[in-house]
Amino acid sequence: MNIHPAGTQLLRNLRLCSFLSCRCALIGFRNCATSIQKYRFAPLKRQNGFPYCLENHLDLTSIRFHSFENTQQQIPTAALENEPENGNIHSGEITGDSGPFIGHSSKRAIAQNLEPLAEESITEQKTLLSTKRDESLDQFFDRLRRCTSPSDVLDLYVESTVTWKQISSCLMTMWRTTKRMSEDQKRYERKLMFEHPVFEKICQQALKEAQSMSCNDLAYSLFALVKIGASQHSRLIHTLLRVTQERLNEFDERALSVLSSCLKNMEEGKSVNALRIGLRLLVELRIPKIKRVMALQTMMRCIGKDAPLPLKKKLEHKAFSLLNEFTLPNSQYMFITLAVMGLCSHPLLKACSDRVIENIHGIPFWRLVHILQSCKDLQYRNTDLLNAIGNHVASTLAIWQVKQVMLFLVLFADLSFCHTELMDAFAKIVLAEPESLTLKDVLSVLRVYSLLNHRLDEDWAGHFLQTLSDGFELYLSKCSSLELLRGVYSLCLMAHYPQAAIHQLFQDSRLSELLSSANVHRESNKRMLQCIYLCLELENPSFARPANASIASPLLPSVTVNAEVQKAVDTTLGDSSLYRQGLVLKNIHFIDFEIALDQERKNAVPIPQDDEIGSDTNTQRVAVLCTPVSAFCLGTMHPKERLALKIRHLKVLGYHVVLVPVHEFGKLSEDERVEFLKSAIFAE
C-alpha cells in the first residue's frame, strides 16, 4: 500500500518531536515540555496507546492533500529517494533528509540551541555537588576543631571520608591536642592512640597518598608524626622523607619553615642528613631572589644552628641590604630568627634594638619576653635595650600581673642585669601579697635577688627576707631535695639562715640523694653545700649545726693567676717575696694575691708563714682578686652571687679586698695599672 507523501512528512515530524522529548529527558531537563515549547515543539501525548499532538507548532496546515502526482511535483526527487519503500517509520535515521519543511539548517539551529542548555545543566549539577562537598568539609573541620584527644580524631576519621588533603589536618590535630598536656597524660594518650585500631589505617592512607599530597600537607604530616612519637625508622616516615627529597624544589617558604622545625627533632640518619644538606643548598640558591624581609627570616630559620658559617654570613649580608625595609615586627622577629640560627650579629641586633627602644610602649608582653629570651640565647647584652624594657615595666607596673613581672626579672637575672627601681618595686609587691606566691615563685624570687646581690633599704630588707623565708618553709613538705638545697643556698647568699629548712637539708637521706654518683647535678650540689657550711661557720657560729654539716673535701678551682696583674703587682711592691699568689682559703675561695700591709708605715711586709690568718693587729691582710666581667652586674661594678659571698667572707676573716676588673684593667697602660694598684692597696 502506498503512503501519501503528506502522511510520510507527518510521521517524520512526529518522530522528531518524540526524539527531542527523549533527548531533553536524557540530558537532565526538569521540565521537558517547557524546553520543547520554547523551541516551538509540543510534547507528544498518548491516547489508546497512540501518540498525537493537539497543538500545531510545525505549520502542518500548510500541507495541502493533493493528488499523488501534484505532490510529487512539489517534493524534490532527492527527498523521496531517501524514503523507505515499505513506509516503516523506524527504518530511517533522524540525521537524514526530512522533507522540505525541516532541512539541514533547521536541525543545526535546534542542535545549537540545545547544547548551551546541556552545558548549563552540567554546570548547575557540578556547582550543587561542590556546594555539598564544601558543606561536608566545613562540618568535618568544625568537628575536628572540637576534638580534645588523639582518640577523638581517630574516631572522627572512621566516621568520615578523608582525602589526602585532610590527613595532615588530622595528624596535626592529634599533636596539638597533646601539646599542653602533662608528661604523664601525654604518655597515656599516646598509648591509647597507638593501640587504637584506626591509627594504622590513617598511617596506611598517608603512606599510599604521600605522592599526591601538596608540599604543605607533606611537611605538616611529617612534622606531626615526628611530634606524636611515631617511629622514625618506620616505612611511613622514610616514605615521607623520600617524597620530600624528590619535591624539595617545589617547597615554598612556609613548607620549608615547617620542614626545618621537623628536622630539628629527628634522629641522625642518611635520609635526614641528606635532606638537611639539600635544605641548606636550596636556601643558598634562593638568597639572591629574596625580596621580602619575612621571606628572608624564614630562610634564616630554615638552615638552623648547624649550618656552615659562610652561609650564615651570606644571609646576614642579605639582611643588611634589606635593613631599610624592616618594620617593627620585622625588628622584633629578627631577635628570634638570629637565636634560632645561632648567629650573634651585633650590627643587626643593634639596629633592631634601636627600633624596639623607639617603640617600646607598643610592644606586647610576649614579644618583649621573646626578645629577652633571644638575647639570653645569643648572650647579647645591650644595656640600653634592657634599661628601656626595665623602665617600661617599672612605669607601667599596675597593668602587669605578678608572674609577668617575675618573668621579666628572671630573664634580667639570666642576663646579669639588675634594674634597681624594678626590683625595689617588686619587693614591695611581694610584701603586700606574700600568700600569692607558689613554691616555684618563691624559688624564682630567691634566685633573682641572691644572684644579683640586690640590697634593699635597711628599713624593710629584713622583713622582705623573713617573708620569703616563711613562704619557703611553708612548702618544705613538698620540696624535692634539689629545690630544698637551692632555696637554702639562695637564703645563705643573702645572709639569712632558716633553721627548719637547714635541719631538713642536713638529713642523711637528703644528703645521700644530693651527693649520689647517679645525680647529674652532683658537682654543683657539692659546691652549694660547701658554701652553706662555710656561711654557717663564719657568719652564724651560734647556730646548732648537725654533726654531718662539715666541709668534706677541698674544691680547688682550676684558676691561674693573671700574668698582666702579676707584673703590675711586682712593679708596685718591688719585691715578689712580699706577696703570695694562688691561695685557696677554706677550701673554697680563691685569692689571686695575698699581701701583708703595715698599717702605720703603709708599706708591704713579709707574710708570716706559720699563721694563715695572722694575729698581729698592726698588720692588715690584703686580698687582691682578679675578677672577670661576668662576676659583676651588667654595666656596673656591683659584684654578684659568688663574688659577693667571697668578699663578705674575706671581710669576716679580716681581709681588705681589692677588686681588679680584668676587662677594664687590660685597657690601661702600664703606668696606669701601677697607679691603680697603689691607690687600691695602700688606701686609707
Side-chain angles (χ1 to χ4, degrees), residues 413 439-440 442-455 461-462 464-517 519-557 584-591 613 625 631 639-653 655 657:
L439 173 61
K440 184 178 179 181
V442 172
L443 291 173
S444 296
V445 174
L446 287 173
R447 177 180 172 273
V448 168
Y449 281 79
S450 62
L451 177 65
L452 298 176
N453 186 33
H454 181 66
R455 296 298 179 185
F464 176 71
L465 288 175
Q466 189 60 48
T467 300
L468 289 178
S469 178
D470 294 341
F472 177 59
E473 291 189 336
L474 286 175
Y475 296 102
L476 286 182
S477 59
K478 300 179 181 179
C479 280
S480 66
S481 298
L482 185 59
E483 290 172 336
L484 179 61
L485 173 61
R486 289 175 176 172
V488 172
Y489 173 72
S490 296
L491 287 167
C492 289
L493 285 179
M494 294 186 286
H496 191 81
Y497 304 99
Q499 295 191 17
I502 293 175
H503 278 294
Q504 190 171 128
L505 175 63
F506 288 154
Q507 291 177 1
D508 292 336
S509 59
R510 296 279 193 178
L511 294 176
S512 299
E513 181 182 350
L514 292 169
L515 300 177
S516 170
S517 57
N519 195 318
V520 294
H521 304 289
R522 180 172 181 269
E523 291 303 320
S524 62
N525 293 346
K526 191 174 182 180
R527 290 181 182 276
M528 284 192 283
L529 282 170
Q530 290 188 331
C531 286
I532 294 171
Y533 297 157
L534 187 57
C535 287
L536 293 174
E537 179 183 332
L538 296 179
E539 297 181 336
N540 197 11
S542 61
F543 181 76
R545 292 181 296 155
N548 56 359
S550 60
I551 301 176
S553 59
L555 292 175
L556 300 177
V584 178
L585 191 64
K586 293 292 184 180
N587 295 331
I588 295 179
H589 299 312
F590 181 84
I591 300 176
I613 303 300
L625 307 179
K640 64 175 193 176
E641 196 185 13
R642 291 288 181 88
L643 178 58
L645 181 65
K646 183 192 290 189
I647 294 172
R648 204 167 78 220
H649 285 176
L650 289 176
K651 288 182 177 180
V652 172
L653 294 172
Y655 280 89
V657 181

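- Applying side-chain contact (heavy atoms from CB on, under 4.5 Å) to L493 and the options L645, L451, V488 leaves one that passes, L645.
- At least one side-chain heavy atom of L529 sits less than 4.5 Å from a side-chain heavy atom of L511.
- Not counting sequence neighbours, the partners of R648 by the salt bridge (charged side-chain N to carboxylate O under 4.0 Å, His left out) test are E539.
- In this structure a side-chain-to-backbone donor-acceptor pair under 3.5 Å is present from N519 to E513.
- Between the N453 side chain and the A644 main chain, no donor and acceptor come within less than 3.5 Å of each other.
- Between the R522 side chain and the L515 main chain, a donor and an acceptor come within less than 3.5 Å of each other.
- Residues that satisfy the salt bridge (charged side-chain N to carboxylate O under 4.0 Å, His left out) test with R447, not counting sequence neighbours, are D414.
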Got a list of side-chain donor-acceptor pairs under 3.5 Å for residues 469-479, not counting sequence neighbours?
unit_1	atom_1	unit_2	atom_2	d
D470	OD1	Q466	NE2	2.8
Y475	OH	L437	O	2.9

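- In this structure a side-chain-to-backbone donor-acceptor pair under 3.5 Å is present from S512 to D508.
- Under a 3.5 Å cut-off, the side chain of K640 and the backbone N or O of H454 do not form any donor-acceptor pair.
- A distance of 12.5 Å separates CG in L485 from CD in Q504, rounded to the nearest 0.5 Å.
- Under a 4.0 Å N-O distance rule, the pair E483/K440 does not qualify as a salt bridge.
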